[in-house]
Peer 1: 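Got a structure for you, written out below as structure tokens; questions coming shortly.
We use all heavy atoms of the structure for the numbers below, so side chains are in, but hydrogens, waters and symmetry mates are not. For ligands, and for the atoms within them, numbers begin at 1 and follow the listed sequence. Heads up: numbering here begins at 1 and tracks the sequence.
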Amino acid sequence: MTTLLETRNLTRHFKIGRNQVVHAVDDLSLTIAEREVVGLVGESGSGKSTFGKTILGLHDKTAGSVSYQGETLPGKYKPRDFQRLAARMQMIFQDPYSSLNPRMTVGEIIGEGLRLHKRLPPAGIREQVAHWLELVGLSADHMSRYPHEFSGGQRQRIGIARAMILEPEFVVCDEPISALDVSVQAQVINLLGELKDRMGLTLLFIAHDLSMVRYVSDRMAVMYLGSLVEIGPADQVYFQPRHPYTEILVSSNPEPDPQTERERQSTTIRGEIPSPVNVGAGCRFANRCPKVMDVCRRATPHLIPLQEVDRQVACHLYP
Ligand code: SF4
């Protein structure tokens, strides 16, 4: 498989005081192949969205690099970098309510990328917007309406059309269904799947619903407090998790069967994710891990390959 995108030791820190630094993303290396879907999971606050935004240049890189089709992208984007890369790399945002400008019509929102990046004439933009509205399951008649006139699922379809109209190769889907009713989540997932096949897309699919990520992804990466702790084929990670954090995440995924759900409660993760401010040495999961050892508090575990093909885990249980 040909590599499309690679992050090497990608780091994004935020200074919040004279001596305080938020370690949102730390030293994160990940390779994504052309047409691959990589699901990125973890609790809220683990740095998933920051990682996606840093890849796309929406956050400056503190350290490390992102290369795309062999080209190393700038650490800090200038307007001309967004101009050049927007047509190739796009993002679908989590909240379909706040991510659409309420003062713009749907036609203006979806067509803005074409106006800014492709400089099409108004008639050409209208034609493309109408085409994409139909493709995402809406109607060309919706072009003159405003976002507040649509349901959450319809708004997310508008957000998808806005991202796809530039025909990107790579899309970061940042929790695209978490703000939607369960009844429309499957529709949006199916739409993304259809567009992926039709356009040959590569996706980084960020979510906290592991069963949904397993369903849509080729590989699953698990993130905890700014670092990757496990990565591998999605089915393997879901059914045979190796890292204690992944084990608990999988076991705490909601189950429809009441009996299984009752048993599941005993393995629910303890406590809150710790503060990412001034993170020290040792395993970041140590204070919540049921298998913690002395070494875990002293030495930081790094991702190492397991015997299974294409699997890596960062845990001292696997020396
Ligand atoms: Fe648990 Fe230690 Fe593995 Fe961290 S390194 S997950 S504390 S066993």
Peer 1: Please work out whether the ring planes of Tyr224 and Phe285 are parallel, tilted or perpendicular, with thresholds of 30° and 60°.
Peer 2: perpendicular
Peer 1: Protein N/O/S atoms under 2.8 Å from atom 4 (Fe) of ligand 1: how many?
Peer 2: 1
Peer 1: State plainly whether the residues Arg242 and Glu230 are in salt-bridge range, i.e. N to O under 4.0 Å.
Peer 2: no
Peer 1: Just by distance, no angles: are the side chains of Ser49 and Gln94 close enough, under 3.5 Å, to form a donor-acceptor pair?
Peer 2: no
Peer 1: Could you walk me through whether Phe82 and His117 satisfy the ring-ring contact (aromatic ring centres under 6.0 Å, His included) test, starting with their C-alpha distance in whole Å, then the side-chain angles of each, then the deciding distance to 0.1 Å, before giving a yes or no?
Peer 2: CA-CA 9 Å; Phe82 288 111; His117 301 295; 8.9 Å; no
Peer 1: Using the side chain to side chain donor-acceptor pair (under 3.5 Å) rule, collect all pairs that involve residues 197-209, keeping only residues at least two apart or in two chains.
Peer 2: Glu175-His208, Asp209-Ser211
Peer 1: Examine Arg155 relative to Phe150 and say whether NZ or CZ is less than 6.0 Å from the centre of the six-membered ring and inside a 45° cone about the ring axis.
Peer 2: no
